[in-house]
**Q** 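Following this message is one structure expressed as structure tokens.
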Amino acid sequence: MAQEYMWYQGIPFPSKVYTPEFIKEVHEQFVLKDEDIITVTYPKSGTNWVIEILCLIHSKGNPEWIRSVPIWDRSPWIETKDGFQTIKERKEGPPLITSHLPIQIFPKSFFNSKAKVIYVIRNPKDVLVSGYYYSAGATYLKNPQSLQQYYECFIEGNVQFGSWFAHVQGWMSMRERENMLVLSYEELKKDTRSTVEKICQFLGKKLNPEELELVLENSSFQAMKENTMSNFSLLRGDYFSPGFLITRKGITGDWKNHFTVAQAEAFEKIFQEKMAGLPAELFLWD
Ligand code: A3P
């Protein structure tokens, strides 16, 4: 199984899934439509949770769709060949799209469109821990030998989709645009109801109280964990080891159970250096 990276404009991508030609095509030629709604994240920031919420907002809380169609077909990843094809051939359903692409290689058409982007950020220390377990369970990624080794790769941006710091810096430069909503995993976790309402407002959608209740119930961590269309169990064998689920812990602050004091201090220093220039209120997680 190939676990090597291919590089496109300095960003590592697992070569089992991505080719430079294809990433280039998406970057240069994919035309986004004004009605598209794109969930953009650095991997492990809560992507699938937000997709599940968007699907349920569309169905007004009815779980039929999320329980019958895999999550990657409901909001396909634009940078994967299958996802790209699904988007191009889609004739019905909401125009949901997902992407982990850094802004500099995101479809150029976005910059002249009204397509809406929901960018989700998460405490990078939790992203790191989540990514460590994900890489250990994913057969298409380099399996980390230890948390320390993964920590070093993460800091250097030597993991799929490159540096967290650069990804967030890049996308945050767009945060004032009307067609962009920035959410954090932490606010979603702390007050899911208000955050779902915020998403509805951004999308110009209305839910009545019962519908909102159903959205919350059917997108809960437990509900997603039990939903085979959302928990990635269908990808075991081809992409993941037996027993793998994307719904691992679903909590904030798990880094405290994993980082040494030295790792936490060093991370903080790097964070301050690399994220200087962005307002601290964007990063309210510790
Ligand atoms: P952990 O590994 O910390 O548990 P992504 O979808 O971007 O790959 O992110 C995966 C992370 O989101 C995992 O974090 C996963 O548990 C968490 N997650 C998925 N669904 C969730 C939900 N409904 N509620 C809270 N966290 C969720």
Side-chain angles (χ1 to χ4, degrees), residues 14 17 38-57 61 63 66-67 70-72 74-80 83 96-102 117-138 140-141 144 147 150-151 154 159-162 164 167-168 171 182-196 199 214-235 239-241 243-259 285:
V17 185
I38 313 132
T39 303
V40 182
T41 63
Y42 184 86
K44 312 320 296 168
S45 302
T47 328
N48 288 279
W49 188 11
V50 171
I51 299 172
E52 200 82 328
I53 289 171
L54 292 175
C55 294
L56 286 160
I57 290 175
I66 63 159
R67 291 192 192 151
I71 195 159
W72 48 88
R74 286 183 260 128
S75 181
W77 269 256
I78 201 171
E79 57 267 19
T80 65
L96 301 178
I97 294 176
T98 308
S99 182
H100 290 315
L101 289 174
V117 161
I118 300 179
Y119 187 79
V120 190
I121 53 173
R122 185 183 189 187
N123 185 338
K125 298 195 284 274
D126 284 336
V127 170
L128 190 159
V129 171
S130 183
Y132 167 69
Y133 285 103
Y134 183 86
S135 305
Y140 68 99
L141 291 173
L147 184 73
Y150 189 80
Y151 175 103
F154 184 91
V159 290
Q160 63 162 346
F161 294 95
W164 179 90
H167 202 285
V168 172
W171 276 101
V182 178
L183 296 179
S184 71
Y185 178 92
E186 288 74 18
E187 70 176 311
L188 198 47
K189 191 77 200 165
K190 194 166 163 207
D191 191 348
T192 317
R193 181 181 301 270
S194 306
T195 315
V196 171
I199 298 174
L214 283 172
V215 171
L216 297 175
E217 199 180 297
N218 289 309
S219 63
S220 71
F221 182 76
Q222 200 50 38
M224 279 188 69
K225 192 169 186 160
E226 286 164 15
N227 184 357
T228 53
M229 296 294 150
S230 309
N231 64 16
F232 279 45
S233 55
L234 295 177
L235 297 177
Y239 295 95
F240 297 98
S241 53
F244 179 85
L245 290 179
I246 198 150
T247 38
R248 187 186 63 92
K249 264 195 183 174
I251 61 167
T252 56
D254 196 29
W255 66 270
K256 293 176 194 153
N257 301 317
H258 292 81
F259 278 36
W285 34 60

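When a ligand or atom number is given, it counts from 1 through the structure's own listing order. The figures that follow rest on heavy atoms only: side chains count, while hydrogens, waters and symmetry mates do not.
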**Q** Run through ligand 1 for me and note each protein residue having a heavy atom under 4.0 Å from it, chain first, then residue number.
**A**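 Near ligand 1, by chain and number: Lys44, Ser45, Gly46, Thr47, Asn48, Trp49, Arg122, Ser130, Tyr185, Ser219, Ser220, Phe221, Met224, Ile246, Thr247, Arg248, Lys249, Gly250.
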
**Q** Examine the side chains of Ser233 and Thr228 and answer whether a donor and an acceptor come within less than 3.5 Å of each other.
**A**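 Per modelled atom types, Ser233 and Thr228 side chains form no pair under 3.5 Å.
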
**Q** Show every donor-acceptor pair shorter than 3.5 Å between a side-chain atom in residues 243-251 and any protein atom, with sequence neighbours excluded, or say none if there are none.
**A**
{"unit_1": "Arg248", "atom_1": "NH1", "unit_2": "Asp254", "atom_2": "OD2", "d": "3.3"}
{"unit_1": "Arg248", "atom_1": "NH2", "unit_2": "Asp254", "atom_2": "OD2", "d": "2.9"}
{"unit_1": "Lys249", "atom_1": "NZ", "unit_2": "Asp254", "atom_2": "OD1", "d": "2.7"}

**Q** Just so I know, are the side chains of Tyr132 and Tyr151 near enough to count as touching, which here means a heavy-atom distance under 4.5 Å?
**A**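 The answer is no; the side chains never approach within 4.5 Å.
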
**Q** Using the ring centroid of each side chain, check whether Trp49 and Tyr185 are separated by less than 6.0 Å.
**A** yes

**Q** With Tyr119, which of Thr41, Val168, Leu183, Ile38 fulfils side-chain contact (heavy atoms from CB on, under 4.5 Å)?
**A** Val168

**Q** Between Tyr150 and His258, is the ring centroid distance below 6.0 Å?
**A** no

